[in-house]
Undergrad: 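Before anything else, here's the structure in question.
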Amino acid sequence: MIDLHAHTNYSDGTCSPGELLELAYRKGLDALAITDHDNLNGYDAALALPHPPSLRLVCGIEITCRMGRKAPHLLGYFFDGQPAPEFREWLTGRYEQRRDRNRRLEQRLRELGYDIDLAQVEALGRSMTGRPHFARVLVAKGYFASIDEAFQRLLGEDAPGYVEHEAPSLAEAIRRVRECGGIASLAHPIRLALPDEEAFLRGLKQEGLHAVEVFHSDQPGHRGATYFEIARKLDLAVSGGSDFHGAVKPRVDLGCANVENWVLEELLKIANR
Ligand code: AMP
Ligand code: FE
Ligand code: ZN
Ligand code: FE
């Protein structure tokens with residue numbers, strides 16, 4: 001079994017890279033991709049740690065994109081272990097944009113009367129601080145009963161505290177991943193609630209998409225089967241993972257998407273073409 005979608009506390013997960021490796025080992029996984037949102041720091045940290053030879057650690061990332069009011073996610077996998085240096089330069093630029101937006105978000109929340117301090121939020125979110133970390137601090141301070149409530153009443157796209165930030169289109173993200181030596185897979189398509197999934201994926205394939213995430217904790221049984229059929233029809237590869245986030249998503253355990261090893265083997269074949 002493998003898991004090609006997992007987060008550390010370098011984005012919005014709660015496990016450190018070391019804890020995640022330890023958990024992957026305990027679950028008996030053969031491969032684990034660390035796919036933090038928009039940064040490689042959790043992967044870099046994991047790479048520096050001793051890990052069992054039975055576990056293949058894959059360099060991954062989950063890039064937040066923009067499509068109208070939706071925020072599709074693109075998974076990038078760098079099976080050689082490292083993307084080309086331009087990829088990290090691109091991420092650094094995006095990180096600066098995010099910091100700027102977080103300063104504006106802090107300002108907006110203060111104007112709305114919330115006593116919130118970006119330093120405290122960044123202590124949780126580190127290099128990938130975002131709304132989930134603002135939500136956690138607001139809950140800890142007693143403003144809201146839950147993270148969900150914080151999003152519904154304050155931080156969500158339609159709520160008064162929403163502050164937008166820039167994100168690339170899926171086409172741009174696919175191009176960056178490809179140009180820097182990676183494999184691009186559309187993450188959890190179910191969340192996009194698309195009217196015509198096949199047409200959408202056909203379009204992305206024309207942009208260079210390699211694969212689609214078929215196995216995912218949000219896509220049980222028949223939904224996964226539907227994506228599998230579409231992928232086969234369009235000659236797209238498939239990927240899969242739990243989207244493990246640790247304690248913030250307690251129902252999703254590492255390895256719970258039951259992804260078999262052939263998925264990785266198929267992706268590796270494409271990567272080596
Ligand atoms: P940001 O990049 O700072 O705009 O935050 C986006 C992140 O917020 C997404 O990756 C989601 O994990 C999280 N998020 C968005 N909407 C919700 C929600 N309603 N409840 C919990 N988390 C959410
Ligand atoms: Fe996340
Ligand atoms: Zn995602
Ligand atoms: Fe994810």
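Any value given below was found using the heavy atoms of this structure, including those in side chains, with hydrogens, waters and symmetry copies removed. Just follow the structure's listing: the first ligand is 1, and inside any ligand the first atom is 1.
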Undergrad: Considering only distance and modelled atom types, tabulate donor-acceptor pairs under 3.5 Å from the side chains of residues 263-270, sequence neighbours left out.
TA:
{"unit_1": "Glu266", "atom_1": "OE1", "unit_2": "Arg232", "atom_2": "NH2", "d": "2.9"}

Undergrad: Backbone N or O of Ala187 within a donor-acceptor pair of the Glu62 side chain at under 3.5 Å?
TA: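 A pair under 3.5 Å: no.
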Undergrad: Show the atoms of ligand 1 that are less than 4.0 angstrom away from any heavy atom in Gly130.
TA: 3 (O)
Undergrad: Identify the closest protein heavy atom to atom 19 (N) of ligand 1: which residue and atom is it, and at what distance?
TA: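 For atom 19 (N) of ligand 1, the nearest protein heavy atom comes out as Phe151 CB, 3.5 Å.
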Undergrad: Check contact between Gly156 and ligand 1, using heavy atoms of the residue and a distance below 4.0 angstrom.
TA: no
Undergrad: Look at His7 and state whether any of its N, O or S atoms is less than 2.8 Å from the Fe ion (ligand 4).
TA: yes
Undergrad: Using side-chain heavy atoms (C-beta onward) and a distance below 4.5 Å, is Ile116 in contact with Tyr143?
TA: no
Undergrad: Is there a heavy atom of His133 sitting under 4.0 angstrom from any atom of ligand 1?
TA: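 No, that is not the case, since the closest heavy atom of the residue is not under 4.0 Å from the ligand.
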Undergrad: Looking at Glu62, which of its N, O or S atoms is the nearest one to the Fe ion (ligand 4)?
TA: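 This residue's closest N, O or S atom turns out to be OE1.
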Undergrad: Tell me if a side-chain donor or acceptor on Arg108 pairs with a main-chain N or O of Pro160 at a distance below 3.5 Å.
TA: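 Side chain of Arg108 to backbone of Pro160: a pair is present.
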Undergrad: Can you name the N/O/S atom of Asp243 that is nearest the Fe ion (ligand 4)?
TA: OD1
Undergrad: Only one of His73, His37, His188 passes ring-ring contact (aromatic ring centres under 6.0 Å, His included) with His5; say which it is.
TA: His188
Undergrad: Within 4.0 Å of atom 7 (C) of ligand 1 (strictly less), any protein heavy atom?
TA: yes
Undergrad: Do me a favour and list the nearest non-hydrogen protein atom to atom 11 (C) of ligand 1 with residue, atom name and distance?
TA: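 Going atom by atom, the protein heavy atom closest to atom 11 (C) of ligand 1 ends up being Pro132 CG, 4.5 Å.
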Undergrad: Of the choices Glu62, His37, Arg98, Arg131, which has the non-hydrogen atom that lies closest to atom 2 (O) of ligand 1?
TA: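 Ranked by closest heavy atom to atom 2 (O) of ligand 1, first place is Arg98.
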Undergrad: Give a yes/no on ligand 1: does Thr64 have at least one heavy atom closer than 4.0 angstrom to it?
TA: no
Undergrad: Can a side-chain donor-acceptor contact be found between Glu213 and Tyr227 if the only test is distance below 3.5 angstrom?
TA: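 Short answer, no.
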Undergrad: Taking distance alone, no hydrogens or angles, what donor-acceptor pairs closer than 3.5 Å link side-chain atoms of residues 250-259 to residues at least two apart or in another chain?
TA:
{"unit_1": "Asp253", "atom_1": "OD2", "unit_2": "Lys27", "atom_2": "NZ", "d": "2.5"}

Undergrad: Taking both backbone and side chain into account, is any N, O or S atom of His245 nearer than 2.8 Å to the Fe ion (ligand 4)?
TA: no
Undergrad: Under 6.0 Å between the ring centres of Tyr43 and Tyr10?
TA: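 Between Tyr10 and Tyr43, which both carry aromatic rings, the centre distance is not below 6.0 Å.
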Undergrad: Would you say ligand 1 has an N or O under 3.5 Å from any N or O of Arg101?
TA: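 There is such a contact, yes.
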Undergrad: Checking Phe151 against Phe144 for the ring-ring contact (aromatic ring centres under 6.0 Å, His included) test, could you report, in this order, the C-alpha distance in whole Å, the side-chain angles of both residues, the deciding distance, and whether it holds?
TA: CA-CA 9 Å; Phe151 269 91; Phe144 301 101; 9.9 Å; no
